[in-house]
Amino acid sequence: MGTIPARALYMAALEVTKSNVGSATVNFGIPEPTASAIANAVAGLSAAMAAQLVWTPVDVVSQRLMVQGTHPSCSSPCRYVNGIDAFRKIVKTDGPKGLYRGFGISILTYAPSNAVWWASYSVAQRLVWGGIACYFRKKDDESNDNGNSSSSSNNNNTIRPDSKTVMAVQGVSAAMAGGVSALITMPLDTIKTRLQVLDGEENGRRGPTIGQTVRNLIKEGGWLACYRGLGPRWASISMSATTMITTYEFLKRLSAKNQESLV
């Protein structure tokens with residue numbers, strides 16, 4: 001229920017921002033590789049902020065469902081049958097603002113995370129393609145040493161990767177970017193999750209603030225407590241990003257091919 005509208009907002013904001021910022025940075029005389037990384041980072045930032053309008057309520061509901069019965073704050077008053085039931089009870093108890101519990105920390109988590117991910121993805125792609133280019137250059141040099149200089153020189157500038165290679169490079173780049181993003185933003189995600197799963201009002205008291213949540217985490221397990229679940233988060237980001245980017249880029253190529261056939 002949340003994925004379709006959230007992804008639609010995400011991709012629309014991403015493409016519009018990337019195009020506009022990319023053109024602006026190039027016009028300022030910034031080198032193309034740097035301009036691409038900046039455009040990707042800003043696009044990821046704006047896309048995450050747009051998507052959180054939908055993702056935060058969905059995230060609050062899913063987090064409440066996952067921890068009910070396992071957390072001290074989730075006693076009898078917060079028993080949910082399913083997502084719709086959780087949605088109704090959260091609105092009834094806390095009002096619409098209850099669905100946006102942790103919205104600020106979500107923005108602080110996902111906006112930098114997406115900015116880091118898209119910038120890292122842009123850099124990773126260049127590194128991977130650069131490695132592939134070096135590999136083919138080495139093969140060409142070996143061919144030259146074997147006396148096949150004419151054929152290798154003719155093929156040197158005509159090597160075109162097939163769709164499988166393109167998708168493989170995109171998948172590897174997405175996994176690399178996911179690792180960088182998870183490592184940098186994991187503490188913020190841990191704090192956000194703790195804020196979302198705790199009840200907003202308990203015994204007439206307000207829920208914990210961000211500062212209190214950080215102090216509780218450090219008290220429980222030191223600074224390493226902020227990195228609990230780093231491995232699963234890395235795997236989750238990598239799998240999600242790889243699936244998203246390969247499917248999205250494939251559909252973009254398919255759409256461009258169909259448009260060319262109509263011209």
Side-chain angles (χ1 to χ4, degrees), residues 2-59 100 102-130 163 166-189 192 233-234 236-259:
T3 295
I4 294 175
R7 284 298 184 192
L9 278 172
Y10 185 94
M11 291 304 179
L14 181 79
E15 288 296 335
V16 171
T17 308
K18 189 191 296 184
S19 176
N20 291 332
V21 175
S23 300
T25 50
V26 170
N27 291 337
F28 278 122
I30 298 174
E32 197 275 331
T34 306
S36 177
I38 293 173
N40 275 277
V42 177
L45 191 73
S46 65
M49 295 177 68
Q52 282 308 309
L53 294 173
V54 176
W55 269 127
T56 298
V58 174
D59 205 22
Y100 283 91
F103 179 75
I105 193 66
S106 292
I107 293 293
L108 290 175
T109 300
Y110 291 119
S113 174
N114 277 265
V116 171
W117 190 91
W118 281 101
S120 301
Y121 176 71
S122 174
V123 173
Q125 267 200 313
R126 290 184 178 277
L127 291 174
V128 174
W129 282 121
S163 59
V166 172
M167 292 182 68
V169 170
Q170 290 169 346
V172 171
S173 301
M176 293 169 63
V180 175
S181 176
L183 190 63
I184 292 175
T185 62
M186 184 68 198
L188 289 172
D189 188 64
K192 173 192 73 69
R233 176 166 165 77
W234 186 331
S236 175
I237 291 178
S238 297
M239 288 188 291
S240 174
T242 300
T243 303
M244 180 270 292
I245 201 66
T246 52
T247 303
Y248 180 60
E249 295 288 0
F250 171 76
L251 291 174
K252 280 179 65 176
R253 290 193 300 271
L254 189 64
S255 299
K257 187 182 297 184
N258 290 338
Q259 286 181 352

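Just so you know, residue 1 is the first one in the sequence shown, and it goes up from there.
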What's the separation between atom CH2 in Trp118 and atom CG in Leu45, rounded to the nearest 0.5 Å? 13.5 Å

Closest approach of Thr242 and Ala175, non-hydrogen atoms and distance? OG1-N, 4.0 Å

Over 12 foreign heavy atoms within 6.0 Å of CH2, Trp129: yes

Show your working on side-chain contact (heavy atoms from CB on, under 4.5 Å) between Val166 and Arg253 and close with a plain yes or no. CA-CA 11 Å; Val166 172; Arg253 290 193 300 271; 3.5 Å; yes

From Ile38 CD1 over to Ile30 CD1, what is the distance, rounded to the nearest 0.5 angstrom? 4.5 Å

Under a 3.5 Å distance rule, please check whether Ser19 uses its side chain to pair with a backbone N or O of Val16 as donor and acceptor. no

Nearest heavy-atom approach of Ala35 to Val26 is CB-CG2, 4.1 Å

State the CG-CE distance between Leu251 and Met11, to the nearest 0.5 angstrom. 9.5 Å

State, to 0.1 Å, how close Gly22 and Thr25 come at their nearest heavy-atom pair, and which atoms those are. O-OG1, 2.9 Å

In this structure, CD1 of Ile237 is separated from OG of Ser113 (nearest 0.5 Å) by 5.0 Å

Using every non-hydrogen atom in the two residues, find where Gly178 and Ser238 come nearest and quote the distance to one decimal. CA-OG, 4.2 Å

Closest non-hydrogen atom pair, Ala119 against Ala41: CB-CB, 3.9 Å

Taking the side chain from Asp59 and the backbone from Trp55, do they hold a donor-acceptor pair closer than 3.5 Å? no

Do the side chain of Ser120 and the main chain of Val116 share a donor and acceptor less than 3.5 angstrom apart? yes

Backbone N/O of Ser236 and side chain of Ser240: donor-acceptor pair under 3.5 Å: no

Sequence neighbours left out, what pairs pass salt bridge (charged side-chain N to carboxylate O under 4.0 Å, His left out) with at least one residue falling in residues 5-33? Glu15-Lys252, Glu32-Arg126

Could you check Arg233 against Thr185 for side-chain contact (heavy atoms from CB on, under 4.5 Å), going step by step and ending with a plain yes or no? CA-CA 10 Å; Arg233 176 166 165 77; Thr185 62; 3.3 Å; yes

Using atom types as modelled and distance alone, determine if a side-chain donor or acceptor of Tyr10 lies under 3.5 Å from a backbone N or O of Gly44. no

Exam field: side chain Thr246 to backbone Met167, donor-acceptor pair closer than 3.5 Å: no

Which distance, rounded to the nearest 0.5 Å, do you find between the CG of Asn114 and the CD1 of Ile107? 10.0 Å

Distance check, rounded to the nearest 0.5 Å: Met239 atom CE versus Met244 atom CE? 14.0 Å

Do you know the tightest heavy-atom contact between Leu183 and Pro187? O-CD, 4.5 Å

Between Tyr121 and Trp117, what is the ring plane arrangement, given parallel below 30°, perpendicular above 60°, and tilted in between? parallel

